[in-house]
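What follows is a short report on a single structure.
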2 protein chains.
Amino acid sequence: MANIREIAETAGVSITTVSRVLNGHPYVKEEKRQKVLETIERLEYARNMHAVHLSKGFSNMIGVVLPTIGLPYFGELLEGIAEEAAKEGVHFSLYQTNYQLEKEIFALEQLKQRQVDGLIFCSKAMSDEALLDWHETGPFILCQDSSERYFSTVSIPHKDAFRLGLDFLIEKGHTKIAIGLARKNGMNSHFRLEAYKEALAAIGEPYREEWVFERSLTITDGQKLFSEWREMEEKPTAVFIANDQVTAGMFLEAQRHQVDIPGSLAILSCDNQPISEVLGISTIKINIKEMGKHAFRLLRKRIGGAGPEKQTVPYKLIKRATV
Amino acid sequence: MANIREIAETAGVSITTVSRVLNGHPYVKEEKRQKVLETIERLEYARNMHAVHLSKGFSNMIGVVLPTIGLPYFGELLEGIAEEAAKEGVHFSLYQTNYQLEKEIFALEQLKQRQVDGLIFCSKAMSDEALLDWHETGPFILCQDSSERYFSTVSIPHKDAFRLGLDFLIEKGHTKIAIGLARKNGMNSHFRLEAYKEALAAIGEPYREEWVFERSLTITDGQKLFSEWREMEEKPTAVFIANDQVTAGMFLEAQRHQVDIPGSLAILSCDNQPISEVLGISTIKINIKEMGKHAFRLLRKRIGGAGPEKQTVPYKLIKRATV
DNA sequence: CTGAAAGCGCTTACAG
DNA sequence: CTGAAAGCGCTTACAG
């Protein structure tokens with residue numbers, strides 16, 4: 001593999017000049033530029049990026065921290081990030097954590113070691129307080145709201161969005177409403193639970209722990225959820241689930257058991273993934289891909305030295321056939 | 001940010017010694033090791049990996065080239081790769097191509113520049129011949145079969161697997177069989193088409209171009225596919241689709257139109273993703289995640305200097321309710 | 001067990 | 001417009 005010195009020597013110029021044409025700097029006589037370019041071509045030279053990174057102090061590579069790429073939510077988020085990153089010629093590396101603390105710490109250590117220029121936390125197990133200790137390590141942003149003012153965040157106003165859905169169900173006459181959340185102690189769930197409690201209070205309904213389903217992530221979870229509903233003595237007339245995959249599982253299972261929807265059971269979901277359109281499930285559209293794009297741009301700013309900033313992504317109720 | 005020299009100075013040892021403890025080399029007096037470790041801790045030192053990479057000549061980072069992370073097929077493949085990579089402490093970077101040639105070339109250029117130590121092509125638009133030109137660039141492997149003997153590949157025997165499915169349909173009495181493929185000019189589709197033609201020949205049925213659906217990738221494509229089937233004058237009695245997502249779309253749409261399955265229309269799929277289990281769709285189980293694991297290990301070997309190698313991943317017919 | 005020194009391959013003030 | 005030289009921060013024979 002040729003290096004920059006060989007190129008300089010064979011082209012009969014200085015290393016500096018080669019570097020200049022490599023980086024598209026002005027002030028290189030056209031004649032020399034051509035000569036260098038031709039030599040590069042002939043010797044099949046390619047820069048050793050490790051040297052560039054060491055010299056420049058950064059690598060144009062960011063890290064994306066997420067529990068698993070298997071869930072559509074994160075897939076979409078990732079697509080948004082990837083799309084923006086590609087535009088700017090920024091690479092990204094993936095850190096799958098499965099919500100294991102040590103994996104998240106691993107990613108932060110990579111940041112510290114400059115393996116990456118910055119980090120996007122799509123979701124995390126670590127508490128805000130614990131993460132605060134890493135504040136000086138390097139730039140990172142969160143894809144969820146945080147009251148911590150040092151953190152840059154981009155988020156969907158889950159509380160408001162969830163309340164919108166609940167009010168819609170209430171407006172349709174429902175008072176017996178159950179909900180399905182992903183991880184009970186996650187931030188998103190926290191906000192949704194708040195909205196739930198407030199909505200119940202507003203219509204004078206009691207809060208029942210047993211009507212809050214959790215650990216709902218996959219289609220299979222949705223099927224189980226239906227079974228649980230079916231076994232209940234007092235059945236809620238509506239379920240509001242925080243994830244289209246789960247909803248799809250519940251809906252399909254309900255259909256199989258010939259439950260009248262929305263007659264006997266109204267189903268409302270969140271996300272608006274393709275499957276909810278296919279099945280005609282009413283849902284709160286949340287543009288996750290858009291959030292990914294915002295996230296990337298925000299991290300970029302942060303890496304550029306900007307201060308912390310909080311951003312928000314819009315949501316929308318989509319009425320279909322299940323409510 | 002402290003560097004290795006500062007650590008050496010404050011610990012009162014040489015840079016070499018610090019490097020030795022950093023890399024866990026033997027032959028460092030326990031006392032000095034402790035001193036160094038403590039200094040590192042106190043000064044919150046972290047290695048600058050760019051320097052390590054430049055010095056060592058590699059980065060323990062591989063690149064994964066795929067059209068899109070949005071499709072479950074690639075999601076699973078990626079999970080397999082990620083799982084193995086994590087075990088070995090290898091990072092990976094994603095190159096989304098959308099089957100654009102220039103994006104694939106971009107990834108190869110990154111390989112040439114040592115941005116990554118090696119590349120896994122999950123799927124590609126580039127022809128084998130064109131890729132052959134990059135053979136000397138650096139190690140890469142393919143997740144599909146190739147007759148090119150210089151390439152390391154790990155693949156599912158799509159032709160045999162597809163034939164298995166077709167024979168199963170035939171055994172069930174079907175002779176009017178349509179198929180759904182992803183990209184008609186992809187390698188996988190090529191093999192499947194071969195199997196299809198051979199199976200038809202074996203039962204003396206003619207090959208009909210109009211019974212080969214293509215560009216079938218998403219749930220929505222599956223819905224369209226059903227509409228097309230519905231409009232047909234002479235209807236196939238069975239459809240064999242190469243992707244569970246598409247099959248799900250077709251199946252759900254068929255159900256909605258109250259088509260008797262498998263009575264009026266038998267449906268067979270490929271993949272065995274969770275959705276096919278939920279919907280009770282018969283399918284050829286293809287362990288894509290496993291392929292991802294194999295792929296990583298194979299690339300690792302290749303980077304280690306091993307010669308090209310061809311590997312194969314098993315498949316299996318799973319009988320459920322749609323045939 | 002230990003360290004001085006060369007080397008990895010770039011970039012970038014600085015001086016002309 | 002051009003180049004010599006210092007610098008980025010490590011690793012690793014080599015000599016002791």
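None of the values given here were measured: they were computed from a predicted structure.
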### Query
What orientation do F121(A) and F140(A) show, parallel under 30°, tilted 30 to 60°, or perpendicular over 60°?
perpendicular
#### Entry: Separation of atom CZ in R114(A) from atom P in dC8(D), rounded to whole Å
12 Å
### Message
What I want to check is whether the side chains of T17(B) and S14(B) have a donor and an acceptor closer together than 3.5 Å.
### Response
yes
### Task
Quickly work out the R5(B) CZ to dA5(C) C1' distance and round it to whole Å.
14 Å
#### Entry: Atom P, compared across dA5(D) and dC1(D): separation rounded to whole Å
24 Å
#### Entry: E6(B) CD - dC10(D) P separation (whole Å)
10 Å
### Query
Is it the case that more than 12 heavy atoms not belonging to E136(B) sit under 6.0 Å from its CD atom?
no
### Task
Pick out which of E84(A), E309(A), E88(A) makes a salt bridge (Lys or Arg N to Asp or Glu O under 4.0 Å) with R300(A).
E88(A)
### Strand-adjacent residues in residues 12-34 of chain A, judged by heavy atoms under 4.0 Å from DNA chain C
I15(A), T16(A), S19(A), N23(A)
### Query
Between Q115(A) (CD) and dG9(D) (P), how many Å, whole number?
16 Å
### E38(B) and Q34(B): side chain donor to acceptor below 3.5 Å
no
### Query
Do the ring planes of F106(B) and Y95(B) sit parallel (below 30°), tilted (30 to 60°) or perpendicular (above 60°)?
perpendicular
### Query
Do you see a donor-acceptor pair shorter than 3.5 Å between the side chains of S123(A) and Y73(A)?
no
### Task
For dC14(C) and dC10(C), measure between their P atoms and round to the nearest Å.
24 Å
### Query
Roughly how far apart are L298(A) CG and I303(A) CD1, rounded to 0.5 Å?
10.5 Å
### Message
Within the structure provided, determine whether L37(B) and V21(B) are in side-chain contact (heavy-atom separation under 4.5 Å).
### Response
yes
### DNA chain D-proximal residues of residues 43-62 of chain A, any heavy atom under 4.0 Å
L54(A), S55(A)
### Query
T68(B) and E79(A): side-chain donor and acceptor closer than 3.5 Å?
yes
#### Entry: Polar side chain donor-acceptor pair, N23(B) to R47(B), under 3.5 angstrom
yes
### Under the 3.5 Å Watson-Crick or G-U criterion, the dot-bracket string of DNA chain C, with | for inter-strand pairs
|||.||||||||.|||
